[in-house]
Amino acid sequence: MKIGVIGAGYVGLSLAAVLADKGNLVTCVDRDREKIEQIKMGESPLKEEGLDILVQENIEAERLKASSNEENAIKDAKIIFIAVNTPTENGQIQLQNLKDAVKTATNYMTDNYPVLAIKSTLTPGSTRKEILPLLQENGMEPGEDCGVCVNPEFLSQGTAIQDVREPDRIVIGELDEKSGELLSRLYSDFESPVIRESMETAEMIKYASNSLLATKISFINEIGNLCKELDVDIYDVAEGVGMDSRISREFLDSGTGFGGSCLEKDIEALISLMKNRGIEGSVLEAIMSVNESQKVKPVEILEERIGSLEGKRIGILGLSFKPGTADVTNSPAIDIINQLINRGAEVTAYDPEANENMKKIYGDIEYSETYTEVLEGSDAAILVTDWEEFNNIDRGDLKKMSNPLLIEGRKIDHNAPEKFTEGVTWP
Ligand code: UDX
């Protein structure tokens, strides 16, 4: 099938590469010309496991193409995926990128009943209220000249390819049966269950899923705060709780809370939508408030242990919002560094992937190429991201600090003696 993809970010490019690999002819477009040039050369502009090889193979096989000219992607395409980002400002989702992409699509759609499939995250009701009128304004009558589907994406960074190839479910929110049929046909050789719903239901499934994941995290963090007081290990508790198949162990890792570009943004948008409708979002508000206080807990614990941080040199191990990515969006590391600077500490940091990205936020702190370099000469340290390599930390590493103490924002499997370490929500 001929497919166009507008937006070659994590969602757009991973989808384009997987669909091309399944034998479709996929062309992706993006405003970022540099990105497009890289894809054309068979390279992935994004660091994501498995994406580089998939891009290379499918560019070589000429199933995947990249272009800066939208017409090349959209003309004759049966399905045009829109995967541009929808940022939030003051909790309100900003639709300009999406609207631009839809307008562009209408300029070049030629196929008989092409379907616009929206991957971008939109608050429930937005596709009907904002996108359908826009299509009409641009001379395309939805349901007559073209179809529309909301097809939310549930991929996580670090496992994007696997998540696109074998999602737990494929959700199709369809304007009409014809649109849904076409998208179902595209996914017919995927092994995942497909559910077909209204556009609003599909939009809500995405928000409810992300909010529930965040709920699990804030919940286990709150229980973790109590566990720590009682000298109970929250990870043992999570193990026992997670064995209940109704609950599952997933998303019960306690620590400094959630970061990334989706969970926070989606909850804020949902809270804002609730406010507009006069509904109290007290659970969602609580999730955010627990998360905010959780992010800076390591600094509070550090201060309790070593007193004033003024003039102290504090090491940070891990900067990305989770392991396996260079992305620092909403990473707890940002709040932790901010708190340390406010308290007069000198900060020295290391991340295997994210040093360069954090330099754009904090250009003035010191960055190292290894974690041992950070520990050398630090008074104490905070572990923020549970990168695999930190499991190698041992007594010798910690003894490099003048006051051997590692506050752990994530639980890792290191060999260091307990007296030199303290968890955020575990002893
Ligand atoms: C998330 C959703 O999982 C995905 O379905 C959606 O499409 C996009 O948003 P992502 O932001 O890539 O994906 O990361 P995710 O793995 O969900 O982690 C988000 C944050 O939660 C990270 O900071 C992570 O460290 C934290 N987290 C995750 C926890 O604190 N505890 C956990 O048990 C799991």
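Keep in mind it's a predicted model, so treat the numbers as computed, not measured. Just so it is clear, the values below take in all heavy atoms, side chains as well, and ignore hydrogens, waters and symmetry mates. In listed order, ligands and their atoms are each counted from 1.
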Check this for me, if you would: do [X] and [Y] make a salt bridge, where the nitrogen-to-carboxylate-oxygen distance has to be below 4.0 angstrom?
{"X": "Asp189", "Y": "Arg185", "answer": "no"}
{"X": "Asp244", "Y": "Arg246", "answer": "yes"}
{"X": "Lys322", "Y": "Asp386", "answer": "no"}
{"X": "Glu280", "Y": "Lys275", "answer": "no"}
{"X": "Arg169", "Y": "Glu197", "answer": "no"}
{"X": "Asp100", "Y": "Arg31", "answer": "yes"}
{"X": "Glu181", "Y": "Lys178", "answer": "no"}
{"X": "Lys312", "Y": "Glu346", "answer": "no"}

May I ask you to list the atoms of ligand 1 that are less than 4.0 angstrom from any heavy atom of [X]?
{"X": "Asn210", "answer": "2 (C), 4 (C), 5 (O), 6 (C)"}
{"X": "Lys206", "answer": "6 (C), 7 (O)"}
{"X": "Glu153", "answer": "7 (O)"}
{"X": "Phe258", "answer": "20 (C), 21 (O), 23 (O), 26 (C)"}
{"X": "Gly259", "answer": "19 (C), 20 (C), 22 (C), 23 (O)"}
{"X": "Gly257", "answer": "30 (O)"}
{"X": "Arg410", "answer": "24 (C), 25 (O), 26 (C), 29 (C), 30 (O)"}
{"X": "Leu252", "answer": "33 (O)"}

[X] to ligand 1, any heavy atom closer than 4.0 Å:
{"X": "Lys216", "result": "no"}
{"X": "Gly255", "result": "no"}
{"X": "Glu250", "result": "no"}

Among all protein heavy atoms, pick out the one at the shortest distance from [atom]; state its residue, atom name and that distance to 0.1 Å.
{"atom": "atom 12 (O) of ligand 1", "value": "Gln157 N, 2.8 Å"}
{"atom": "atom 17 (O) of ligand 1", "value": "Phe251 CZ, 3.3 Å"}
{"atom": "atom 13 (O) of ligand 1", "value": "Ser156 OG, 3.5 Å"}
{"atom": "atom 8 (C) of ligand 1", "value": "Cys262 SG, 3.2 Å"}
{"atom": "atom 14 (O) of ligand 1", "value": "Lys322 NZ, 3.1 Å"}
{"atom": "atom 6 (C) of ligand 1", "value": "Leu155 O, 3.4 Å"}
{"atom": "atom 27 (N) of ligand 1", "value": "Ile217 CD1, 3.4 Å"}

Polar contacts were defined as any N/O atom of the residue lying under 3.5 Å from an N/O atom of the ligand; does this apply to [X] and ligand 1?
{"X": "Leu213", "answer": "no"}
{"X": "Leu263", "answer": "no"}
{"X": "Gly260", "answer": "no"}

Between the main-chain N or O of [Y] and the side-chain N or O of [X], is there a donor-acceptor pair closer than 3.5 Å?
{"X": "Asn330", "Y": "Gly260", "result": "yes"}
{"X": "Asp351", "Y": "Leu319", "result": "yes"}
{"X": "Thr385", "Y": "Trp387", "result": "no"}
{"X": "Glu48", "Y": "Gly158", "result": "yes"}

Measuring from atom 11 (O) of ligand 1, which candidate in Tyr10, Phe321, Phe154 has the nearest non-hydrogen atom?
Phe321

Would you mind finding which of Val384, Asp168, Asp253 brings a heavy atom closest to atom 32 (C) of ligand 1?
Asp253

Tell me whether the count of non-hydrogen atoms from other residues, nucleotides or ligands lying under 6.0 Å of CG in Asn90 goes above 12.
no

Aromatic rings Tyr350 and Tyr371: how do their planes relate, parallel, tilted or perpendicular, breaks at 30° and 60°?
tilted

